[in-house]
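In what follows, every chain begins at residue 1, and chains take the letters A, B, ... in the order their sequences are listed.
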There are 2 protein chains.
Amino acid sequence: MKEKSNDILNRIAHVQTTLQAINGKWKLPILVSMYAGKSRFRDIQRNIPQITTRVLSKELKDLEASKLIIRIVTDGHPVSVEYKLTTYSYTLTPVVDEMIKWGKQHSKGGL
Amino acid sequence: MKEKSNDILNRIAHVQTTLQAINGKWKLPILVSMYAGKSRFRDIQRNIPQITTRVLSKELKDLEASKLIIRIVTDGHPVSVEYKLTTYSYTLTPVVDEMIKWGKQHSKGGL
DNA sequence: CCGAATCCAATATGATACTG
DNA sequence: CAGTATCATATTGGATTCGG
């Protein structure tokens, strides 16, 4: 019946909402790095060596704009910058966990 | 300890594996449409009006290459083409379901 | 160390038209 | 209906350099 068809459209709209929040190749890897406690620019880059400073910089700004992280600057001599996860960002962990699980089972090595 | 650090790197690698399989804005919406039984080119396009034929065509080829769908041509007068989900594609449903759930809760309307 | 700035290449996406 | 062809734009990625 008609409900069915609307259901499909809603489900599609919902994935698209999620996709917009985590779009691109880097946001989730960055979040995973941060979930694990690594929240300095340099730390993240060490965890994701393929990313360049230019892209990392941009992605961090995007994540800040999406309210998923907050940028905290602490004055001092080399001026320390730290990125903190928001509570909002933790609502994504079920999604991220499922993706890690899937990736683990379907990478070349299996598990 | 050292295990911790390796754990992070593994988790990052696993999300990246998953991201590669579903990269772009369209693969998941297409799969969602197909999970619901809509498997003709035209049906998918009706469910996702924003996608153009050019992009849909390319994405379907990608999905075929990733073994997530199969293209089936049945001869006849207007020659019917149908895309079928592979059993492999169903391993993604936990990921997709979490994404639908998240999108539902965080779209403008809430739920 | 933490980025910003610049320049340029590669991909992704989009609009439109057209064919078997 | 199921695409392909062409062209244009947008987004992303990479390399390198520079400054606080």
Side-chain angles (χ1 to χ4, degrees), chain A residues 5 12-13 15-31 33-34 37-66 68-85, chain B residues 12-13 15-34 37-66 68-85:
Chain A
S5 151
I12 291 174
V15 237
Q16 288 180 318
T17 297
T18 306
L19 285 170
Q20 281 172 29
I22 62 176
N23 68 76
K25 304 163 54 178
W26 305 112
K27 289 182 188 60
L28 287 184
I30 290 170
L31 288 179
S33 175
M34 293 184 64
K38 291 306 187 180
S39 45
R40 312 282 303 275
F41 192 95
R42 196 75 170 81
D43 293 331
I44 298 171
Q45 219 186 357
R46 238 191 297 273
N47 281 337
I48 314 170
Q50 315 101 301
I51 201 171
T52 62
T53 64
R54 181 196 193 295
V55 176
L56 178 53
S57 179
K58 174 191 165 294
E59 296 291 309
L60 288 170
K61 278 177 191 165
D62 285 357
L63 288 169
E64 211 189 341
S66 315
L68 289 170
I69 66 174
I70 301 177
R71 186 172 187 269
I72 297 174
V73 183
T74 309
D75 261 37
H77 282 252
V79 180
S80 110
V81 178
E82 202 177 347
Y83 295 90
K84 303 279 283 181
L85 293 163
Chain B
I12 291 173
V15 238
Q16 288 181 318
T17 296
T18 307
L19 285 171
Q20 280 172 28
I22 63 176
N23 68 74
K25 304 163 54 177
W26 304 113
K27 288 182 187 64
L28 288 183
I30 291 170
L31 288 179
V32 170
S33 175
M34 293 183 64
K38 292 305 189 179
S39 47
R40 312 284 301 275
F41 193 95
R42 194 79 170 79
D43 294 329
I44 299 171
Q45 220 187 356
R46 238 191 297 272
N47 281 336
I48 314 172
Q50 316 101 299
I51 201 171
T52 61
T53 62
R54 180 197 192 295
V55 175
L56 178 53
S57 178
K58 175 192 165 292
E59 296 292 307
L60 287 170
K61 279 176 191 165
D62 285 357
L63 288 168
E64 211 189 340
S66 317
L68 289 170
I69 65 174
I70 300 176
R71 184 174 187 270
I72 298 174
V73 183
T74 309
D75 261 37
H77 283 251
V79 179
S80 110
V81 178
E82 203 177 348
Y83 294 90
K84 304 279 283 181
L85 292 163

Rounded distance in Å - [atom1] ([X]) to [atom2] ([N]):
{"X": "Arg40(A)", "N": "dG3(C)", "atom1": "CZ", "atom2": "P", "result": "9 Å"}
{"X": "Gln50(A)", "N": "dG13(D)", "atom1": "CD", "atom2": "P", "result": "11 Å"}
{"X": "Lys58(A)", "N": "dA15(D)", "atom1": "NZ", "atom2": "C1'", "result": "18 Å"}
{"X": "Asn23(A)", "N": "dT11(D)", "atom1": "CG", "atom2": "P", "result": "10 Å"}
{"X": "Tyr83(A)", "N": "dC1(C)", "atom1": "OH", "atom2": "C1'", "result": "12 Å"}
{"X": "Asp62(A)", "N": "dT11(D)", "atom1": "CG", "atom2": "C1'", "result": "11 Å"}
{"X": "Leu19(A)", "N": "dA12(C)", "atom1": "CG", "atom2": "P", "result": "16 Å"}
{"X": "Lys61(B)", "N": "dT11(C)", "atom1": "NZ", "atom2": "P", "result": "17 Å"}

Is there a side-chain contact between [X] and [Y] in this structure, where contact means two heavy atoms from C-beta onward sitting under 4.5 Å apart?
{"X": "Lys25(B)", "Y": "Gln50(B)", "result": "no"}
{"X": "Pro29(B)", "Y": "Ile51(B)", "result": "no"}
{"X": "Ser66(A)", "Y": "Gln20(A)", "result": "no"}

Test side chain to side chain contact (heavy atoms under 4.5 Å, CB included) applied to Ile12(B) and Ser33(A), step by step: CA-CA 7 Å; Ile12(B) 291 173; Ser33(A) 175; 3.9 Å; yes
Nearest-nucleotide comparison on DNA chain C, the residue closer to the 5′ end among Ile51(B) and Ser57(A):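 Nearer the 5' end of the strand: Ser57(A).
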Under 4.0 Å, counting only non-hydrogen atoms across every strand here, what does [X] touch: a base, just sugar-phosphate, or nothing?
{"X": "Gln45(A)", "answer": "nothing"}
{"X": "Gly24(B)", "answer": "sugar-phosphate"}
{"X": "Glu82(A)", "answer": "nothing"}
{"X": "Arg46(A)", "answer": "nothing"}

Between [X] and [Y], what is the shortest heavy-atom contact and its length?
{"X": "Asp43(A)", "Y": "Ser39(A)", "value": "OD2-N, 4.4 Å"}
{"X": "Thr52(A)", "Y": "Gln45(A)", "value": "C-NE2, 4.0 Å"}
{"X": "Trp26(A)", "Y": "Ile48(A)", "value": "CZ3-CG2, 3.5 Å"}
{"X": "Leu60(B)", "Y": "Ile69(B)", "value": "O-CD1, 3.5 Å"}

Residues Phe41(B), Leu56(B); criterion side chain to side chain contact (heavy atoms under 4.5 Å, CB included); working and verdict: CA-CA 8 Å; Phe41(B) 193 95; Leu56(B) 178 53; 3.8 Å; yes
Helical bend (five base pairs per end, nearest 10°) for the helix from dC1(C)-dG20(D) to dG20(C)-dC1(D): 40°
Any donor-acceptor N/O pair, Asp62(A) side chain to Glu59(A) backbone, under 3.5 Å: no
Distance test, side-chain N/O of Trp26(B) to OP1/OP2 of dG14(C), below 4.0 Å: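 Indeed, a polar side-chain atom of Trp26(B) lies that close.
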Could you list all N or O pairs between the protein and nucleotides 16-20 of chain D that sit under 3.5 Å apart?
none

Residue Phe41(B), side-chain heavy atoms: nucleotide from dA2(D), dG3(C), dT13(C) that is nearest: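 Of the candidates, dA2(D) comes closest.
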